Amino acid sequence: MTDFATTRALLHDLIAIPTISADSNLEMIALLANRLGDHGAEVEIMTDNTGKKANLLARIGPDEPGGILLSGHSDVVPVEDQDWSRDPFDMWEDGGKLFGRGTCDMKGFIAAATAMAPRLAETPLRRPVHFAFTHDEEVGCLGARNLSDVLRGRDTLPALAIIGEPTEMRIIEGHKGCCEYTTRFTGLEGHGSRPELGVNAVEYAVRYVSQLLRLREQLRHRTPPGSAFEPPWSTINIGRLTGGHVHNVIPGLAEIDWEMRPVTDADRAFVRDRMERYVKKTLLPEMRRVHPRADVITQVIGEVAGLEPMEDNAARDLVASLTGANGTDLVSFGTEAGLFQQLGMSAVICGPGSIAQAHKPDEFIELDQLVQCLSMLHGLVDQLAA
């Protein structure tokens, strides 16, 4: 069986496992672990604290630092309320395309990478090839964050990471981070005629938002030189503010959903630090003078690190040599790449399929995209041959 036929057959099996983020991915992880293990890979399955989700980390080749990591996420988005032509978990082919939930985002890359295991196993490799297949990327990169915590203490880290998100095999060297928060305000209710006797949670929420908007303007002045993002600076958005019931009652509860898209991790830290200081030194002292149990609590919904474009990027240069590409791009969507970059790896995003098809009904990947991906992976094996 050719690598392409193996990839297509494996992709069919992966699509048949509905790894929606709300559900378990253990069946898919077990299938991939068995495939890789059958070809001599050292395989680790790392289950999360629920016991229903797991990451897979595998290695073919010498147990030493400096290898190449091929990474993809196992979860897919839901299909409810989408108008699919056929069963989204029974892959079908039509017009040179393979249809099904996850075909491009991103089980196509996972199938192609795993299909290379027999060739890797029979090749004397100078450097190891690692596989990282994670859970819950679609809901905050939870699996990759757990994996990062495990890898951080190891001395055999890969040097380069290729994240196979759907880019139509274009080389992507950067994207902004995505940080989402919910901030809750607990005040003291009272009659609207005596505002000095209560702690108006909505008023303090509004002041919090005003501070965020001031910081948003300051972020424009922190734009990194030569930033090619659109816009080139880090952004803040207020998504929701709720609180209160009627005109004449001091509201005791309020809540804000807000997000930040940092160009650099330093901008993320800048905003978090300034807001924590503002709450601790300004808002809380005022609130607690009236009501000692008043509080402001920010919940981190997700902090996905951005992939910062680097002048020296060995992963970018490697993929360019494998694909023949002579240019790179930035994207607006987030990936797990920044988490690997934070571990000290050189990281790049390049994978089969188009992000324009991701999350939509009748999601598909073109057969030619899988062919191009396999060509890149064959070139990688050739470069790593001793």
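Bear in mind the structure is a predicted one, so any value in this text is a computation, not a measurement. Scope of the values below: all heavy atoms of this structure, side chains included, with no hydrogens, waters or symmetry mates.
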Trainee: Could you work out, with side-chain contact (heavy atoms from CB on, under 4.5 Å) as the rule, every residue matching Leu318, not counting sequence neighbours?
Mentor: Ile68, Leu160, Ser321, Leu322, Leu380, Gln383
Trainee: Treating Ser227 as the side-chain partner and Thr223 as the backbone partner, does any N or O pair qualify as donor plus acceptor under 3.5 Å?
Mentor: no
Trainee: Return yes if some donor-acceptor pair links the side-chain N/O of Ser375 with the main-chain N/O of Val371 below 3.5 Å, else return no.
Mentor: no
Trainee: Can you sort out the partners of Glu217 under salt bridge (charged side-chain N to carboxylate O under 4.0 Å, His left out), two or more places apart, ordered by chain and number?
Mentor: Arg220
Trainee: Does anything in residues 147-194 pair up under ring pair (Phe, Tyr, Trp, His ring centres under 6.0 Å), and if so which pairs, sequence neighbours excluded?
Mentor: Tyr181-Trp258, Phe185-Tyr208
Trainee: Please check if the side chain of Thr103 supplies one atom and the backbone of Phe99 the other of a donor-acceptor pair under 3.5 Å.
Mentor: no
Trainee: Please list, chain by chain and in numerical order, all residues satisfying ring pair (Phe, Tyr, Trp, His ring centres under 6.0 Å) with Phe133, sequence neighbours excluded.
Mentor: none
Trainee: Output the distance between atom CG (Leu147) and atom SG (Cys141), rounded to the nearest 0.5 Å.
Mentor: 11.5 Å
Trainee: Using the ring pair (Phe, Tyr, Trp, His ring centres under 6.0 Å) rule, collect all pairs that involve residues 303-361, keeping only residues at least two apart or in two chains.
Mentor: none
Trainee: Are the side chain of Gln369 and the backbone of Pro352 linked by a donor-acceptor contact shorter than 3.5 Å?
Mentor: no
Trainee: Listed by chain and number, what are the side-chain contact (heavy atoms from CB on, under 4.5 Å) partners of Val79, not counting sequence neighbours?
Mentor: Gln82, Trp84, Pro88, Phe89, Arg101
Trainee: Could you check whether atom CG of Asn248 has more than 12 heavy atoms from other residues, nucleotides or ligands sitting under 6.0 Å from it?
Mentor: yes
Trainee: Can you tell me which residue pairs pass the side-chain hydrogen bond (donor to acceptor under 3.5 Å, both in side chains) test with a partner in residues 336-351, sequence neighbours excluded?
Mentor: Thr134-Glu336, Asn313-Ser346
Trainee: Looking at Glu276, is its backbone amide N or carbonyl O close enough to the side chain of Lys281 to form a donor-acceptor pair, meaning the two atoms are under 3.5 Å apart?
Mentor: no
Trainee: Other residues, nucleotides and ligands only: do more than 12 of their heavy atoms fall within 6.0 Å of CG on Asp83?
Mentor: no
Trainee: Could you give the distance from CD (Gln357) to CZ (Phe364), rounded to the nearest 0.5 Å?
Mentor: 3.5 Å
Trainee: With no hydrogens and no angle check, is any side-chain donor or acceptor of Glu308 less than 3.5 Å from a backbone partner on Asp265?
Mentor: yes
Trainee: Quick one: side-chain hydrogen bond (donor to acceptor under 3.5 Å, both in side chains) pairs with a partner in residues 152-161, sequence neighbours left out?
Mentor: Glu44-Arg154, Asp149-Arg152
Trainee: For Ala54, does its backbone N or O pair with a side-chain atom of Asn25 as donor and acceptor, under 3.5 Å?
Mentor: yes
Trainee: Give a yes-or-no answer on whether the side chains of Lys107 and Thr19 include a donor-acceptor pair shorter than 3.5 Å.
Mentor: yes
Trainee: Within this structure, what is the CD1-CG distance for the pair Ile110 and Leu31, rounded to the nearest 0.5 Å?
Mentor: 11.0 Å
Trainee: Using the side chain to side chain contact (heavy atoms under 4.5 Å, CB included) rule, pick out the option among Lys176, Gln218, Arg222 that qualifies with Asp267.
Mentor: Arg222
Trainee: Taking only residues two or more places apart in sequence, or in another chain, which ones meet Asp105 in a salt bridge (charged side-chain N to carboxylate O under 4.0 Å, His left out)?
Mentor: none
Trainee: Atom CG of Asn146 and atom CG of Leu142: how far apart are they, to the nearest 0.5 Å?
Mentor: 7.0 Å
Trainee: Is it true that the side chains of Thr182 and Arg184 contain a donor and an acceptor less than 3.5 Å apart?
Mentor: no
Trainee: For the pair Arg261 (side chain) and Ser234 (backbone), establish whether a donor and an acceptor sit closer than 3.5 Å, ignoring hydrogens and angles.
Mentor: no
Trainee: Nearest 0.5 Å, please: how far is CG in Asn55 from NZ in Lys53?
Mentor: 10.5 Å
Trainee: Please check this pair: side chain of Asp75 against backbone of Glu137, looking for a donor-acceptor N/O pair closer than 3.5 Å.
Mentor: yes
Trainee: Quick one: side chains of residues 288-296, donor-acceptor pairs under 3.5 Å with protein atoms, not counting sequence neighbours, listed by atom name and distance.
Mentor:
from   : atom 1 : to     : atom 2 : distance (Å)
Arg288 : NE     : Ala294 : O      : 2.8
Arg288 : NH2    : Ala294 : O      : 3.3
Arg288 : NH2    : Asp295 : OD1    : 3.2

Trainee: With sequence neighbours excluded, tell me which residues meet salt bridge (charged side-chain N to carboxylate O under 4.0 Å, His left out) with Arg8.
Mentor: Glu93
Trainee: Listed by chain and number, what are the salt bridge (charged side-chain N to carboxylate O under 4.0 Å, His left out) partners of Glu173, not counting sequence neighbours?
Mentor: Arg316
Trainee: So, taking the atom named CG in Asn34 and the one named CG in Asp38, what distance separates them when rounded to the nearest 0.5 Å?
Mentor: 6.0 Å
Trainee: Please confirm whether the backbone N or O of Gly66 pairs with a side-chain atom of Arg127, one donor and one acceptor, at under 3.5 Å?
Mentor: yes
